[in-house]
Amino acid sequence: MKKASLLMSGIMVMSCAPQQKKLVYPETAKVDTVDVYFGTQVPDPYRWLENDTSAATTAWVEAENKVTNEYLSQIPFRENLLKRLTQLADYEKISAPMKKHGKYYFSKNDGLQNQSVFYVQDALDSEPRVFLDPNKLSEDGTVALTGLYFSNNGKYTAYSISRSGSDWSEIYVMDTATGKLLEDHIEWAKFAGAAWQGDGFYYSAYDAPTKGKEFSNVNENHKVYYHKIGEPQSKDKLIYQNTAYPKRFYTVSTSQDERILFLFESGAGRGNNLSIRDLSKPNAPFVQLTTDLDYQYSPIEVIGEKIYLTTNYNAPKNKIMVADINRPKLADWKELVPESESVLSDAEIIGGKLFLTYDKDASNHAYVYDLDGKQLQEIKLPSLGSVGFRGDKDDKECFFGFTSFTIPGATYKYDMDQNTYELYRAPKVEFNSDDFVTEQIFFPSKDGVKVPMFLTYKKDLKKDGKNPVFLYGYGGFGISLNPGFSAARIPFLENGGIYVQVNLRGGNEYGEEWHVAGTKMQKQNVFDDFIAAAEYLIDQKYTDKDKIAIVGGSNGGLLVGACMIQRPDLFRVAIPQVGVMDMLRYHKFTIGWNWASDYGTSEDSKEMFEYLKAYSPIHNLKPGTTYPATLVTTADHDDRVVPAHSFKFAATLQAANDGTYPTLIRIDSKAGHGAGKPMAKVLEEQADIYGFIMYNLGMKPKF
């Protein structure tokens, strides 16, 4: 690698089509850094922006935000859009109740609270009282509750928090009965909760990171500890570490009876290894049950001597298996519920029965089985949508939450003996869901594979080729996009827009084969699917190329970046959110190495390097090209996909774009990858994103 002094680029002057004003972007320094991959030299002129804590980067962020904020503030309907979004968000959001030690716990947001509050009630018809209010943990709402863990003896409740959206967690403990906060405090935990055993719990953490590099340096040497209540973290007992594989995750959970400690190893394949320790036997060793990190093994519960698990081992669409604690290795597991044509996406044991959720063409369907694997009944859900069950393995009470594109999350109480359910709670939102309709369409991708997508729009929509479209996708890491409600979409829909959600390859909508078909040397399939979706919508007269906005976050941000570069003529607006934009260096930051199972890395082989470089957004922008109006979004505390990805992409795009449309970057402060963001920040971001989209699509909304 060669390094030299900074070479300042000239000020870029670009025209902004919607308002016919010239945007003057900040000066962005260039360096002559060059990396060599298998004999190929690859310049990285904005490498200095990877230093997220430097004074130069801070100044650049401030300058970029100033340009962006000035542009967004001039959108004539932006303030009215924010008012409408605020009005729509101002409704009660209540989770399904969770029963613990004879009491019921649920979260509720009155509407515009920055964080949801946890409540407890002694009976379903008794008055709820506040159990834990995260809004009191910070003045600005940037401390979020990320987990709540009740000890099995009922004495303690551990809770984890995140500050400013970071993946770093801290764990606190309170007395469950009194709510009194104890002195216990765990720092530098990550991707871990509290797995209780007696008067203590297991958790996973890293050594304290280098000061100033907490949100960018590679995370290595994940360790499992046991914390005894009342003792300082410095006395916690190291339970497990594996120095042979510093870039793997090691997390744990315990069975409800506290007999079995499960150890999960992941980060080097598409799945995980599973080991167990029998805590009823003093000094028992961990017994490794599996040996292939490309399969997923997930315990459901331990009942007697049996461990019930879901796995995709020799079953790409998942199945239920049973292991014997005394002979627990994979070779001795027994199949209980075999793989079916639909994808098994969730499994719970409630009231001595298996509640299985299957995905059929990306929508949930629910069934009840006995513990011998016999199907008892199907639960006919309210409509096309998504479901989540809550209940205890020994309790007859069962609740489920349900949502769809036009139905906000409602809670139902299910009678498993009668196979009936009744509405328990439903929110009231200031819009009429009967005015909208959702349809599912299957379209052919470039290679002929049929891909599904959901379209939601007003019932009186005309297919005249003039409708604005919000095209959303993800396509990676085996994550399925099921139907779900978002109040933020409503103003776009009310003003004649179509919300389109595409179930791209790379997800798990059709099982592991669908996932693998969008990974590594097949990643281009994902982009082809998304492009084909847009072309189909145009061909069928839903819209045209000047009315399409493409949106995606994280891996979906990569999707947007790749597609706007490969087909800049096809989209009018692009919103890459917290995207993975540098495919040659992504694995060198925080936990980026964990994504290699989906992407491969530039170090794997010459072929893999060339494949990645061929679609890497930062490396394929071409000077003088008319790219869509683009609003890149990121945040200063994003330690999942570090903001350097977005910084370097925005700088490169501003230099390459021909000036027809604006190229902006919105950099949030005291925020991270997205989870736990306070409501006030969420609404401001939504107003900016939807305002930018609607303005650049030529919409004239009525609010």
Side-chain angles (χ1 to χ4, degrees), residues 100-101 147 149-156 158 191-204 222-229 236-242 248-266 271-293 295-313 318-337 346-355 371-373 391-395:
K100 291 290 181 181
H101 310 294
Y149 312 94
F150 296 90
S151 66
N152 295 306
N153 59 21
K155 292 167 61 176
Y156 307 107
F191 308 122
W196 284 95
Q197 184 198 7
D199 288 340
F201 57 83
Y202 301 91
Y203 67 94
S204 301
H222 213 203
K223 301 174 184 177
V224 178
Y225 294 92
Y226 180 78
H227 174 75
K228 183 76 172 176
I229 297 301
D236 289 354
K237 182 180 179 182
L238 178 63
I239 299 299
Y240 188 86
Q241 66 173 331
N242 190 344
R248 291 187 184 179
F249 299 122
Y250 294 95
T251 58
V252 292
S253 67
T254 49
S255 58
Q256 190 172 319
D257 61 9
E258 297 188 356
R259 178 180 174 184
I260 300 298
L261 177 66
F262 294 101
L263 173 68
F264 304 86
E265 177 186 37
S266 61
N272 63 278
N273 268 329
L274 180 65
S275 300
I276 64 169
R277 171 181 281 179
D278 190 339
L279 298 175
S280 67
K281 299 176 181 178
N283 301 316
F286 278 105
V287 178
Q288 186 170 324
L289 312 188
T290 65
T291 57
D292 194 328
L293 284 159
Y295 294 103
Q296 297 162 9
Y297 308 95
S298 303
I300 306 168
E301 189 50 84
V302 174
I303 298 179
E305 299 296 307
K306 295 180 178 180
I307 305 172
Y308 291 81
L309 310 101
T310 61
T311 180
N312 63 357
Y313 175 73
N318 302 323
K319 61 184 176 182
I320 304 290
M321 299 191 77
V322 179
D324 188 315
I325 289 175
N326 303 300
R327 299 180 62 193
K329 293 199 172 184
L330 178 60
D332 294 314
W333 293 8
K334 306 296 183 185
E335 185 177 86
L336 185 72
V337 180
D346 190 50
E348 305 284 344
I349 293 180
I350 303 172
K353 294 182 173 63
L354 276 166
F355 282 69
L371 293 184
D372 293 324
D392 187 85
K393 68 182 181 69
D394 298 319
D395 205 318

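The model shown is predicted, which means the values in this text are computed figures rather than measured ones.
A donor-acceptor distance shorter than 3.5 angstrom exists from the side chain of N273 to the backbone of T291, with no hydrogens or angles considered. Side chain of S255 to main chain of I260: a donor-acceptor pair is present (N/O by atom type, distance under 3.5 Å, no hydrogens or angles). A donor-acceptor pair under 3.5 Å links the side-chain atoms of Y226 to the main chain of Q197, judged by distance alone. The closest donor-acceptor contact from the side chain of N272 to the backbone of S266 lies at 3.5 Å or more, if one exists at all.
By the salt bridge (charged side-chain N to carboxylate O under 4.0 Å, His left out) test, R248 pairs with E265, sequence neighbours left out. In terms of the ring-ring contact (aromatic ring centres under 6.0 Å, His included) criterion, residue partners of W333 (sequence neighbours excluded) are, by chain and number, Y297.
Shown here for K329 and Q288, the closest heavy-atom pair between the two residues is CE-O, 3.6 Å. For the residue pair V337 and G373, the shortest heavy atom distance occurs at CG2-CA, 4.0 Å. The shortest non-hydrogen separation linking L274 to T290 is N-OG1, 2.9 Å.
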Check against side chain to side chain contact (heavy atoms under 4.5 Å, CB included), V287 and D278: CA-CA 9 Å; V287 178; D278 190 339; over 6 Å; no

What verdict does the side chain to side chain contact (heavy atoms under 4.5 Å, CB included) test give for Y202 and L263, after you've listed the backbone C-alpha separation in whole Å, the side-chain angles of each residue and the deciding distance to 0.1 Å? CA-CA 11 Å; Y202 301 91; L263 173 68; over 6 Å; no

Test log, rule side chain to side chain contact (heavy atoms under 4.5 Å, CB included), inputs F262 and V302: CA-CA 11 Å; F262 294 101; V302 174; 3.7 Å; yes

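Atom CG of residue L309 and atom CD1 of residue I320 lie 8.5 Å apart, to the nearest 0.5 angstrom. Note that the OG1 atom of T310 and the CE atom of M321 stand 11.5 Å from one another [nearest 0.5 Å]. Remark: Y240 OH to R277 CZ distance equals 10.5 Å, nearest 0.5 Å. If you take CG on L336 and CG on L371, they are separated by 8.0 Å, rounding to the nearest 0.5 Å. Taking CG of L261 as the reference point, atom CD1 of I276 lies at 9.5 Å (rounded to 0.5 Å). Taken from CG in D395 to NZ in K100, the straight-line distance is 10.5 Å, to the nearest 0.5 Å.
Within the 4.5 Å cutoff, side-chain heavy atoms of Q256 are placed close to those of D392. Two residues are said to be in side-chain contact when any heavy atoms from C-beta on lie closer than 4.5 Å; Y250 and S275 fail this criterion. I300 is listed as a side-chain neighbour of I349, based on a closest heavy-atom distance under 4.5 Å.
A side chain to side chain contact (heavy atoms under 4.5 Å, CB included) with Y156 is found for one member of Y149, W196, F150, F201 and no other, namely W196.
Taking the six-membered ring where the residue is Trp, the centroids of F249 and H222 are separated by under 6.0 Å.
Comment: E305 engages R259 in a salt bridge, judged by a side-chain N to carboxylate O separation of less than 4.0 angstrom.
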